[in-house]
Amino acid sequence: MSTTSSDPLAALGALPGVTGAVDSVRKAADRLYGHRVMRRRSNEVTAEAALRGARGSAALSGADWNLEEVRRRTDFSGEGEARTVGAALRLTAEAGQLLTIWRQSPLRALARLHLVAAGGASPDDMVGRPRLAGEPVDEPLIEASLPDADEVAGRLEGLSQLIIAGSAAPALVMASVVHGELLALRPFGSHNGLVARTAERIVLIGSGLDPKSICPAEVGHAEQGRAAYVAAFEGYLSGRPEGLAAWIAHCGRSVELGVRESTAVCEALQRGAA
């Protein structure tokens, strides 16, 4: 995704289908924030959204655990799926702590996210930094061609400058582009999908669309399924207007499904069932 415009994201907000997705997401978020439970028990909704978001992100990375199993477990030090779920939980907890760093130094924030995700599972010299030429990448869900290390460095710098400069584009557009670009680059040796989805969450929180982090897009990405996620991402990779619009709309639908999940949590809390 590249353009010579001084605000390269602004044009994306006007693509066919994107304006409707942006409006729909805003209305859904506003309805959730207006729920009476949010006036008294918003911390509980935030905590539950974090848990469910982490479960959804882990599912997309191959660890599709039942929510109650994620809630019950306390030890995620095992191999394979347990480590993936643990990484997702740690990243979700970290997201809200990185807002200031994200605005000032996105690359530093991304390095921190990878450090948190890896949690000692990767060789120390590959943690918390973009990969170098020849270093492998473990990201089984995304099979698109892998940009070389020089391209990764250049595009990461461009993404960082874009975030720091800010944009008039809606929060959904910015969050979708950050998510898509990190998936496309896979800048780290591992955990790129988890990091990309956490970065999407950070943008949605920091933009003011979801300041309490109660609209977990990861829930919606998982609910729509891995095949739909990959298909929409291929639209982003194409760079064509219709592909970019389809990716943004997919991300928007994911946020709406996250809103639906948190609305159900609010209703359960109101009934005294949660």
Side-chain angles (χ1 to χ4, degrees), residues 21-61 63-76 81-82 84-99 102 113 116-117 170-172 175-176 179 194 197-225 228-229 250-274:
V22 167
D23 289 345
S24 186
V25 165
R26 169 55 70 185
K27 290 175 182 176
D30 286 348
R31 284 195 300 271
L32 176 57
Y33 273 85
H35 197 287
R36 65 172 60 187
V37 166
M38 289 299 298
R39 293 196 294 269
R40 297 174 289 107
R41 305 179 71 177
S42 64
N43 288 344
E44 294 172 72
V45 181
T46 295
E48 192 64 22
L51 183 72
R52 295 177 187 224
R55 193 218 72 83
S57 192
L60 286 172
S61 288
D64 192 1
W65 286 18
N66 180 278
L67 179 63
E68 293 311 312
E69 176 66 9
V70 178
R71 195 190 306 278
R72 182 187 66 80
R73 286 283 289 267
T74 57
D75 180 10
F76 297 95
E81 292 188 2
T84 298
V85 175
L89 288 166
R90 291 192 300 272
L91 284 170
T92 302
E94 188 75 10
Q97 310 302 314
L98 290 177
L99 293 178
W102 178 263
L113 288 176
V116 168
L172 173 64
S176 301
H179 182 171
L194 294 174
R197 291 184 288 275
T198 305
E200 178 185 44
R201 174 184 282 263
I202 290 173
V203 174
L204 293 173
I205 297 169
S207 67
L209 177 68
D210 184 23
K212 293 184 182 294
S213 194
I214 58 172
C215 306
E218 305 95 325
V219 167
H221 287 305
E223 185 171 334
Q224 293 185 84
Y229 183 73
H250 179 89
C251 292
R253 179 59 179 158
S254 296
V255 175
E256 289 187 73
L257 290 170
V259 166
R260 187 176 71 179
E261 187 89 351
S262 288
T263 300
V265 170
C266 287
E267 295 296 328
L269 287 170
Q270 188 167 281
R271 294 192 305 268

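Of all the heavy atoms in S262 and V45, the pair that sits closest is CB-CG1, 4.3 Å. What you find for V203 and A171 is that their closest heavy atoms are CG1-O, 4.1 Å. Taking each heavy atom of C266 and L32 in turn, the nearest pair found is SG-CD1, 3.9 Å. When all heavy atoms of D64 and A59 are compared, the closest pair comes out as OD1-CB, 3.6 Å. Between A28 and V259, the shortest heavy-atom distance links the atoms O-CG1, 3.5 Å. Across all non-hydrogen atoms, the minimal contact from V22 to P170 is CG1-CB, 3.7 Å.
Between the CG atom of L172 and the CD atom of E256 there is a distance of 9.0 Å, given to the nearest 0.5 Å. A distance of 12.5 Å separates CZ of R31 from CZ of R260, quoted to the nearest 0.5 Å. With rounding to the nearest 0.5 angstrom, the CZ atom of R36 is 9.5 Å from the CD atom of E267. How far CZ of R90 is from CZ of F76: 9.5 Å, rounded to the nearest 0.5 Å.
Scored by the side-chain contact (heavy atoms from CB on, under 4.5 Å) test, A50 finds T92 as partners (sequence neighbours excluded). With sequence neighbours left out, D75 forms a side-chain contact (heavy atoms from CB on, under 4.5 Å) with S77.
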D30 vs R26, salt bridge (charged side-chain N to carboxylate O under 4.0 Å, His left out): CA-CA, chis, key distance, verdict: CA-CA 6 Å; D30 286 348; R26 169 55 70 185; 3.5 Å; yes
Worked verdict on T198 versus E94 for side chain to side chain donor-acceptor pair (under 3.5 Å): CA-CA 9 Å; T198 305; E94 188 75 10; over 6 Å; no
Derivation and outcome, side-chain contact (heavy atoms from CB on, under 4.5 Å), residues E44 and L269: CA-CA 9 Å; E44 294 172 72; L269 287 170; 3.7 Å; yes
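The closest side-chain heavy-atom distance from D210 to Y33 is below 4.5 Å. Proximity of I214 to M38: side-chain heavy atoms (C-beta onward) are separated by under 4.5 Å at one or more points. Put simply, the side chain of Q270 does not reach to within 4.5 Å of the side chain of R41, judged on heavy atoms. I202 is listed as a side-chain neighbour of L113, based on a closest heavy-atom distance under 4.5 Å. Between L257 and E261 there is no side-chain heavy-atom pair separated by less than 4.5 Å. R52 has its side chain within reach of V265: a pair of non-hydrogen atoms, C-beta onward, lies under 4.5 Å apart. Side-chain contact check for L60 versus L194: every heavy-atom pair is 4.5 Å or farther apart. Within the 4.5 Å cutoff, no side-chain heavy atoms of Y229 are placed close to those of S254.
Under the side-chain contact (heavy atoms from CB on, under 4.5 Å) rule, R201 has a single partner from S213, C215, S57, which is S213.
Between H250 and H179, the distance from one ring center to the other does not fall under 6.0 angstrom.
A donor and an acceptor atom, one from each side chain of S61 and R197, are located under 3.5 Å apart.
Looking at R55, its side chain never comes within 3.5 Å of a backbone N or O of L67 through a donor-acceptor pair.
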